[in-house]
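What follows is a short report on a single structure.
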There are 2 protein chains.
Amino acid sequence: MRFSLHQLRVFAAVARLLSYTRAAEELHLTQPAVFTQVKQLEESLGQPLLERLGKQLFLTDAGRETLATAHETLNALERLEMRLADLQGLKRGRLRLAIVTTAESLIPRLLGAFCQQYPGIDATLTVANRETLLSRLADNIDDLVVLGAPPEHIDVVATAFADNPLVVVARHDHPLANSRAIALTRIAEESLILREAGSGTRLAAERLFAEHGLEPRVRLELGSNEAVKQAVAGGLGLTLLSAHTLALEGESGLLRVLDVEGLPLLRQWYVAYLRGKHLSVVAEAFLDFLLAGQRR
Amino acid sequence: MRFSLHQLRVFAAVARLLSYTRAAEELHLTQPAVFTQVKQLEESLGQPLLERLGKQLFLTDAGRETLATAHETLNALERLEMRLADLQGLKRGRLRLAIVTTAESLIPRLLGAFCQQYPGIDATLTVANRETLLSRLADNIDDLVVLGAPPEHIDVVATAFADNPLVVVARHDHPLANSRAIALTRIAEESLILREAGSGTRLAAERLFAEHGLEPRVRLELGSNEAVKQAVAGGLGLTLLSAHTLALEGESGLLRVLDVEGLPLLRQWYVAYLRGKHLSVVAEAFLDFLLAGQRR
DNA sequence: CTAAAGAATAGATAAAAATCTATTGTTTGT
DNA sequence: ACAAACAATAGATTTTTATCTATTCTTTAG
């Protein structure tokens, strides 16, 4: 396959106009230039593509086959260029997003709004715990990662983009439900229900207690936020979790946010990516979208 | 679209191996050579196709799109080369054949045998009268043309390849049906039914009579051989036609070949093409097939 | 922290490709 | 028979391209 795209293009023009001279005009070349290109293509392919009988040019069988393939090929490449342009212009593209479980109540709504704004863009959302996410981050599997605290052992660019208040939650009929300004010490005495080790919420909770020299009793360790809420609703104890997680429950539900001293703990949501990674236009746009939301 | 097929090929190798160095080995090039090719492709396309994070190479979205198109394109061109090779090897191809109406009873059988021998080859058979055929010949519409006498005003290569005996036919109960050695003069006195002017049979008949100084009465002038036979069968007169035309009727039918002095007139079938035309491999093969048949 | 491996860049050079002008062939219509 | 129109060839020239060697940069594994 010793021929060039240029030769295919020139040949296509000649085949369409059935004239070297007219093709030359169209391509802003001289007639010999066009002739040579076609000739070389013929030599590469090992057989004539055009034949002249008298003044008239005709395509040979091989010429017809070649013309068809030339069109196919040139069109495919043109379509590629359009797709790439679209990719850059946010008209098309894919966003691979990975988030910690806790962010499940915050991100999907934002992502929905984003996709509505850019209808050509498909999104893949992976939900996992912090540990899994960090290893995905290191493996460059996702465009962007959302978590409750910046990674520590990976070199990333992490930007806070939303508040992530951490609150203590109890069932509505819990003895502390109507107390005011509860001391953290008091909470540490209660049965606590928390996410598994390796989760961001667990990390944050442990850090909070440690800062006050406390070591709470973790009665239950559960693998999902929903499970934790169910356990609290079942009266098994208190929990510390992201206020966003309660969004759907509202005032009316079984659960109550306790008024604990020093809470809500003002944490932030972070969006992160590997330092040096070249963000796709789509990822860039979603990042901007998140940061713009911060100002709302 | 300023990039080359070579760049696509190199890029495909790099994308597959996810390594410039290994791609370079595979392509028997140096690593910088490979690197520059991909770099230039990226520049042509206006965005990076590969990104490096640490030691690992990754395809970008644009890279994935480009790789898909590169495969599509390179495969299409490879298939083209195979098709062209087949074309030359008689494994595939098209034969455009045009024949005079009179040859309708001879050629299709030959063409059938030919197509059976070369199963990949499709044939188009056009049946027309001599006049139409000559203009098609001049316009280079068909690969080969079969007629009862070589064209006179067109520069062609015409080769005889089969006998084409011309006979006088009457209905079985015609007064002359059982006569022997009938004089041509006698025939000229009968009502004659002939094909239209411009047809080969008509031309041959007129020439035959003219050679003997005769001017026969053409009572009926019909547009097809079938019509002529029907008219003869209807008892409307005699006709002069190619013996092949009677092949299907045989001895059992209504029609009889008269024993006329100097007949059957030994004419020939000719296959012709424009001088200088480059015959396709298929046409060449069919020509050989016809000429080989002559010796059987 | 160092060595190894691979990627990226620079600069030089050799090869090839594309194009041009000029000219010659060939066919057709007048 | 001639002119016009187009195709085909020749030869020269210019530009582009592909490639190489040498080197530097970057990351990772030990």
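So that the names make sense, note that chain A is the first sequence line, chain B the second, and so on, each numbered from 1.
- Contact between the side-chain N/O atoms of B:His28 and the OP1/OP2 oxygens of D:dT19 is not found at any separation under 4.0 Å.
- Atom CG of B:Leu29 and atom P of C:dA8 are 17 Å apart (whole Å).
- With rounding to whole Å, A:Gln56 atom CD is found 12 Å from D:dC6 atom P.
- Using a distance-only test at 3.5 Å, with no hydrogens or angles considered, a donor-acceptor pair links the side chain of B:Arg130 to the main chain of B:Ala149.
- Taking atom CZ of residue A:Arg22 and atom C1' of nucleotide D:dC6, one finds them 12 Å apart after rounding to whole Å.
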side-chain contact (heavy atoms from CB on, under 4.5 Å) evaluation trace for A:Leu77 with B:Leu8: CA-CA 11 Å; A:Leu77 294 175; B:Leu8 289 181; 4.0 Å; yes
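- Between A:Lys277 and A:Asp142 there is no salt bridge, since no side-chain N of the basic residue sits under 4.0 Å from a carboxylate O of the acidic one.
- Counting to the nearest Å, the C1' atom of D:dT19 and the CG atom of B:Leu27 are 13 Å from each other.
- Shown here are the side chain to side chain contact (heavy atoms under 4.5 Å, CB included) partners of A:Ala205, two or more places apart in sequence or in another chain: A:Leu194, A:Leu240.
- Rounding to whole angstrom units, CD of residue B:Glu25 and P of C:dG6 are separated by 8 Å.
- Look at B:His6 and you'll find a side-chain N or O under 4.0 angstrom from OP1 or OP2 of D:dT19.
- Side-chain N/O atoms of B:Thr30 include one lying less than 4.0 angstrom from OP1 or OP2 on D:dC20.
- Taking 4.0 angstrom as the limit, B:Gln37 places a side-chain polar atom (N or O) nearer than this to OP1 or OP2 of D:dT19.
- The main-chain N or O of B:Ala162 is found under 3.5 Å from a side-chain atom of B:Gln268 such that the two form a donor-acceptor pair.
- Comparing A:Leu53 and A:Val34 by the nucleotide of DNA chain C that holds the closest heavy atom to each, the one mapping nearer the 5' end is A:Val34.
- Atom CG in B:Leu41 sits roughly 11 Å away from atom P in D:dA18 (whole-Å rounding).
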Please list each protein N or O that sits under 3.5 Å from an N or O in nucleotides 9-12 of chain C, with the distance.
{"from": "C:dT9", "atom 1": "OP2", "to": "B:Lys39", "atom 2": "NZ", "distance (Å)": "2.9"}

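- Taking every side-chain heavy atom of A:Ser4 into account, C:dA18 is the closest of C:dA18, D:dA18, D:dC20.
- A:Gln7 comes within 4.0 angstrom of sugar-phosphate atoms only, judged by non-hydrogen atoms across all strands, and of no base.
- No donor-acceptor pair closer than 3.5 Å links the side chain of A:Gln56 to the backbone N or O of B:Asp139.
- Across the protein-nucleic acid pair, A:Tyr20 atom OH and C:dT19 atom C1' stand 17 Å apart, rounded to whole Å.
- Following rounding to the nearest Å, B:Leu17 (CG) and C:dA5 (P) show an atom-to-atom distance of 19 Å.
- Distance check, rounded to the nearest 0.5 Å: OG1 of A:Thr66 to CG of B:Leu80 gives 4.5 Å.
- Listed pair A:Arg52 / D:dA8 meets the phosphate criterion, a side-chain N or O lying under 4.0 Å from OP1 or OP2.
- Considering only side-chain atoms of B:Ser19, the nucleotide from D:dA7, D:dC20, C:dA7 that sits closest is C:dA7.
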